[in-house]
Peer 1: 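Questions regarding the structure given below will be posed in turn.
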Amino acid sequence: MIDRVSPGGDIFQACVIIFVGILVWSIAHFVIGRITERIKRGSSIFKKPHFRWAQPILRNQEQSRRIQRADTVGSILKSVVSIFVSGMVIIMVMDTFELPIAPLLTSVGIAGVAIGFGAQQLVRDFLSGIFITIEDQFGIGDTIVTSEVVGRVEAVGLRVTRVVDEEGVVWYLRNGEILRVGNRSQGNYQPKESVEEGKPALAEQAAE
């Protein structure tokens, strides 16, 4: 009979699985951290053709904005890795001890559905915040126009965006409720006054 603690025993195998899981988790977090630091520094390695998918995240911006985007993306990737590795380790350890996995998966599935229904708006806000950050829809310092307010972005979180309007009022906009947004800091926005002042000059040029 094999000793449970000796090589080949279930306790030994469980310890090996946990050790490998921690090792994989540590390596993944280290790699994500290094990538995040390179993004913060504006590394040119990601400007190569095979990294074109990352261009919206990595285009030249203010340092604070680039750091925020790098931290957000790095945090998301680390969370995904942690959840995936933890789940795999738990399932493999349970299988090593020959514990029933099906009831656990069923319970997790039911709990996930219940939490999903109860926190739909929260999940929607977080997902919207992720896509706002990754797609670079707007960032710190941008002047944006939404259905609620026109103002300058002070902070972009995963759940809430903080905006200050022309009167100095601070607005907290839930990301999931920002259905349409215009960014005056991207493109060639000109105030209406400037456009109106420029029309006579254009008319004179056309007459000449």
Side-chain angles (χ1 to χ4, degrees), residues 25 28-43 46 51-87 108-192:
W25 177 86
H29 276 237
F30 174 77
V31 172
I32 293 172
R34 291 294 299 272
I35 293 174
T36 301
E37 289 301 321
R38 288 196 175 191
I39 295 175
K40 289 180 181 179
R41 294 194 301 267
S43 176
F46 298 100
F51 283 113
R52 287 178 180 173
W53 59 270
Q55 292 305 313
I57 307 175
L58 305 173
R59 75 183 185 202
N60 294 330
Q61 302 164 43
E62 294 181 359
Q63 182 71 11
S64 60
R65 184 167 173 176
R66 185 167 61 243
I67 290 175
Q68 180 196 36
R69 179 162 292 101
D71 287 338
T72 301
V73 175
S75 175
I76 294 169
L77 292 176
K78 287 181 179 179
S79 298
V80 171
V81 169
S82 298
I83 293 172
F84 177 77
V85 173
S86 299
V108 171
I110 295 174
V113 172
I115 294 174
F117 277 112
Q120 284 185 1
Q121 186 60 53
L122 184 62
V123 173
R124 180 182 175 185
D125 292 340
F126 273 94
L127 290 177
S128 298
I130 291 171
F131 283 109
I132 286 172
T133 302
I134 292 178
E135 295 173 358
D136 191 23
Q137 296 177 16
F138 53 81
I140 296 174
D142 286 354
T143 300
I144 63 172
V145 181
T146 70
S147 56
E148 293 86 5
V149 63
V150 178
R152 183 174 56 84
V153 178
E154 277 202 339
V156 181
L158 288 180
R159 193 180 71 86
V160 173
T161 294
R162 188 170 74 245
V163 179
V164 179
D165 66 14
E166 296 176 351
E167 299 177 354
V169 179
V170 179
W171 294 73
Y172 294 89
L173 308 178
R174 292 168 60 177
N175 293 328
E177 295 181 349
I178 303 177
L179 303 180
R180 185 175 62 182
V181 60
N183 192 333
R184 291 181 176 178
S185 300
Q186 295 178 357
N188 300 312
Y189 168 76
Q190 293 181 349
K192 290 184 179 180

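Counting from 1, the numbers follow the sequence of the chain as shown.
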Peer 1: For the backbone of A155 and the side chain of R162, can you confirm whether one donor and one acceptor N or O come within less than 3.5 Å of each other?
Peer 2: no
Peer 1: Can you tell me how far the CD1 atom of I178 sits from the CD1 atom of I132, to the nearest 0.5 Å?
Peer 2: 4.5 Å
Peer 1: Does E177 reach the side chain of S128, with side-chain heavy atoms less than 4.5 Å apart?
Peer 2: no
Peer 1: Roughly how far, to the nearest 0.5 Å, is CZ of R152 from OG of S185?
Peer 2: 10.0 Å
Peer 1: State, yes or no, whether a side-chain contact exists between D136 and Q186 at a heavy-atom distance under 4.5 Å.
Peer 2: yes
Peer 1: Enter the distance from T133:OG1 to L158:CG here, rounded to the nearest 0.5 Å.
Peer 2: 6.0 Å
Peer 1: Given D125, which partner from the list R174, Q120, R159 fulfils the side-chain hydrogen bond (donor to acceptor under 3.5 Å, both in side chains) test?
Peer 2: R174
Peer 1: State the CG-OG1 distance between N183 and T146, to the nearest 0.5 angstrom.
Peer 2: 12.0 Å
Peer 1: State, yes or no, whether a side-chain contact exists between D165 and V150 at a heavy-atom distance under 4.5 Å.
Peer 2: no
Peer 1: Starting from the C-alpha separation in whole Å, work towards a yes-or-no answer on side chain to side chain contact (heavy atoms under 4.5 Å, CB included) for R34 and E37.
Peer 2: CA-CA 5 Å; R34 291 294 299 272; E37 289 301 321; 5.8 Å; no
Peer 1: List the atom of H29, the atom of S82, and the distance in Å for their closest heavy-atom pair.
Peer 2: NE2-OG, 3.2 Å
Peer 1: Is T161 close to F138 at the side-chain level, that is, under 4.5 Å between some pair of heavy atoms?
Peer 2: yes
